[in-house]
Every structure is written in structure tokens, then in C-alpha cells.
**Q** 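Below you'll find the structure I mean.
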Amino acid sequence: RAVTLILFPICVALAAKGRWDELRVLTHKMLAGVTVLGLATSGVTGLLAAWIIRIVYTSAYDESAVVLRVLYLGVPGLYVATIGTFLAASMHREKRAVLAMAIGVALNIALNLWVIPRHGALGAAWVSVFSQSLVAVWLTFDAYAGLARGVRALPGEKPPLETGLELGGE
């Protein structure tokens with residue numbers, strides 16, 4: 001939440017002012033930062049999964065620890081997708097982000113219809129990691145495509161609103 005509240009307005013302001021090189025550098029830093037944070041969160045949860053399950057649900061659910069570990073492998077993708085989403089909004093590419101997410105959800109549902117009867121909760125966890133990672137990669141590529149063109153809006157769309165945020169060097 002803090003990343004979104006602080007960095008999203010800066011991204012919008014940089015895009016609105018056409019400061020693409022600065023937005024590109026900030027994008028690199030944000031994606032690297034949330035990837036490291038996501039990997040750390042995933043690693044810590046993986047190490048503590050059995051303990052977390054016992055504290056929250058008792059030892060009767062110890063088997064769930066493996067599902068929790070797998071689900072948390074998707075945290076880096078979730079964090080990257082969050083950055084990708086607000087980069088899309090910063091560059092007025094929301095429709096593309098919605099398409100990526102809709103395809104990710106549709107793929108998740110379709111795969112789960114096949115996987116759950118065969119592999120249960122663990123299979124569903126792997127499907128979630130896969131679909132979330134796909135969305136994250138898609139949104140990242142789309143963000144960099146928008147930055148490469150230096151385009152805020154697609155043809156026929158309105159540019160993003162000004163934020164009123166003052167940036168240094170203006």
C-alpha cells in the first residue's frame with residue numbers, strides 16, 4: 001500500500017510530463033525492489049509455513065504447509081503485477097492491463113477445472129503461481145513497451161490527468 005500511495009503519483013507525474021527516462025529508471029528500481037521483497041517474503045514464509053499453519057489452524061492441518069509454501073512462490077509475481085498495474089495506469093494503458101488480468105483469471109479458472117480433480121489443493125496452488133506469474137510478466141513487458149515508445153495514451157484515448165505533484169528539475 002505504501003508503495004502505491006507514494007510511487008504511483010510520482011509515476012503519473014513523470015508520464016504526464018513526458019519524463020520517460022526518469023520513469024524508466026524508477027520502473028527498474030521499483031520492479032527490482034518488489035521482486036527482492038517478494039522473494040524474501042516467499043522464502044521466510046516457506047521456512048515458517050509449518051509453524052504458521054500450526055499457530056493458525058493447529059497441527060491437524062500440517063499437510064497444508066506445502067500448499068502455503070507453493071502459494072507464496074507467487075508473491076513476487078503478485079508484487080510485480082501490482083507495479084505493472086499502476087505503471088499501466090500512469091501511461092493510460094489500463095485497457096491492456098485489464099486484458100492481461102482477464103486472460104490470467106480465465107486461464108486460472110480453465111486450468112483449475114482440469115487440475116483440481118487430478119491434483120487437489122496443491123495443483124490449484126501451482127496453477128495460481130503460474131497464472132499470477134504470467135500476468136506479472138505480461139504487465140512488465142507492456143510497461144516497458146509503453147516506456148520504449150514514450151507514449152502515455154493509445155490512439156483515441158485521453159492522456160492521464162495531471163496530478164499537481166511537483167517534481168524536481170522542472
Side-chain angles (χ1 to χ4, degrees), residues 1-15 22-91 93-94 96-147 165:
R1 183 161 164 85
V3 170
T4 304
L5 290 174
I6 295 167
L7 295 174
F8 176 65
I10 294 171
C11 291
V12 170
L14 290 171
E22 291 172 68
L23 183 55
R24 190 174 298 106
V25 169
L26 181 59
T27 297
H28 297 327
K29 290 177 182 178
M30 288 186 302
L31 289 172
V34 297
T35 299
V36 169
L37 179 61
L39 289 170
T41 301
S42 179
V44 168
T45 302
L47 292 172
L48 301 176
W51 183 78
I52 292 168
I53 293 296
R54 283 188 180 169
I55 294 293
V56 176
Y57 300 107
T58 74
S59 62
Y61 293 93
D62 279 351
E63 296 174 7
S64 300
V66 69
V67 175
L68 182 62
R69 284 185 186 103
V70 171
L71 283 172
Y72 266 77
L73 293 175
V75 169
L78 176 66
Y79 291 177
V80 167
T82 300
I83 299 297
T85 300
F86 75 72
L87 285 168
S90 297
M91 295 183 280
R93 297 168 71 90
E94 297 94 335
R96 300 169 71 93
V98 168
L99 176 64
M101 288 181 219
I103 289 172
V105 168
L107 180 64
N108 184 283
I109 291 168
L111 289 173
N112 273 319
L113 289 172
W114 182 75
V115 168
I116 290 173
R118 291 163 181 80
H119 303 285
L122 185 58
W126 281 112
V127 166
S128 293
V129 171
F130 173 74
S131 59
Q132 182 63 56
S133 299
L134 178 70
V135 170
V137 168
W138 184 331
L139 291 173
T140 300
F141 275 105
D142 188 65
Y144 280 110
L147 288 167
L165 182 67

**Q** Minimum heavy-atom separation for S90 to C11, with atom names?
**A**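 Closest approach of S90 to C11: OG-CB, 3.1 Å.
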
**Q** Can you give me the closest heavy-atom contact between Q132 and G74, atom names plus distance?
**A** CG-O, 3.9 Å

**Q** Rounded to the nearest 0.5 Å, what separation is found between the CG atom of L139 and the CG atom of D142?
**A**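 Nearest 0.5 Å value for the CG-CG distance: 7.0 Å.
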
**Q** So, the side chain of T27 versus the backbone of L23: is there a donor-acceptor pair under 3.5 Å, distance only?
**A**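 Looks like yes, one N/O pair under 3.5 Å.
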
**Q** Quick one: CG on L71 to CG on L78, what's the gap to the nearest 0.5 Å?
**A**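 Reported to 0.5 Å precision, the distance equals 11.5 Å.
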
**Q** Let's go through V129 and S133 carefully: what are the C-alpha distance in whole Å and the side-chain angles of both, what is the deciding distance for side-chain contact (heavy atoms from CB on, under 4.5 Å) to 0.1 Å, and is it a yes or a no?
**A** CA-CA 6 Å; V129 171; S133 299; 4.1 Å; yes

**Q** Under the side-chain contact (heavy atoms from CB on, under 4.5 Å) criterion, do W126 and V115 qualify, and how do the steps go?
**A** CA-CA 9 Å; W126 281 112; V115 168; over 6 Å; no

**Q** Is there a donor-acceptor pair closer than 3.5 Å between any side-chain N or O of R69 and the backbone N or O of A49?
**A** no

**Q** Ignoring hydrogens, what is the shortest heavy-atom contact between A88 and A97? Give both atom names and the distance.
**A**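 Heavy atoms of A88 and A97 come nearest at CB-CB, 3.7 Å.
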
**Q** Around atom OH of Y72, are there more than 12 heavy atoms of other residues, nucleotides or ligands at under 6.0 Å?
**A**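 No.
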
**Q** Run the side-chain contact (heavy atoms from CB on, under 4.5 Å) check on V105 and S131 step by step: do they pass?
**A** CA-CA 7 Å; V105 168; S131 59; over 6 Å; no

**Q** I need the L31 CG to L26 CG distance, nearest 0.5 Å.
**A** 9.0 Å

**Q** Mind checking whether H28 and Y144 have parallel, tilted or perpendicular rings, split at 30° and 60°?
**A**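 Rings of H28 and Y144: parallel, under 30°.
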
**Q** How far apart are the closest heavy atoms of R93 and A145, and which atoms are they?
**A** NH2-CB, 4.1 Å

**Q** To the nearest 0.5 Å, how far apart are CH2 in W138 and CG in L99?
**A**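 It comes to 4.5 Å.
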
**Q** State, to 0.1 Å, how close Y79 and V34 come at their nearest heavy-atom pair, and which atoms those are.
**A**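 What the structure gives for the nearest pair is CD1-O, 3.6 Å.
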
**Q** Supply the atom-to-atom distance L73 CG to T41 OG1, rounded to the nearest 0.5 angstrom.
**A**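 Reported value, rounded in 0.5 Å steps: 12.0 Å.
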
**Q** Once you round to the nearest 0.5 Å, how far does CD1 of I10 lie from CG of L5?
**A** 11.5 Å

**Q** What heavy-atom pair brings G104 and V135 nearest, and what distance separates the two atoms?
**A**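 Looks like CA-CG2, 3.6 Å.
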
**Q** Are W114 and V127 close enough, and set up right, to give a side-chain contact (heavy atoms from CB on, under 4.5 Å), and what steps lead you there?
**A** CA-CA 10 Å; W114 182 75; V127 166; over 6 Å; no

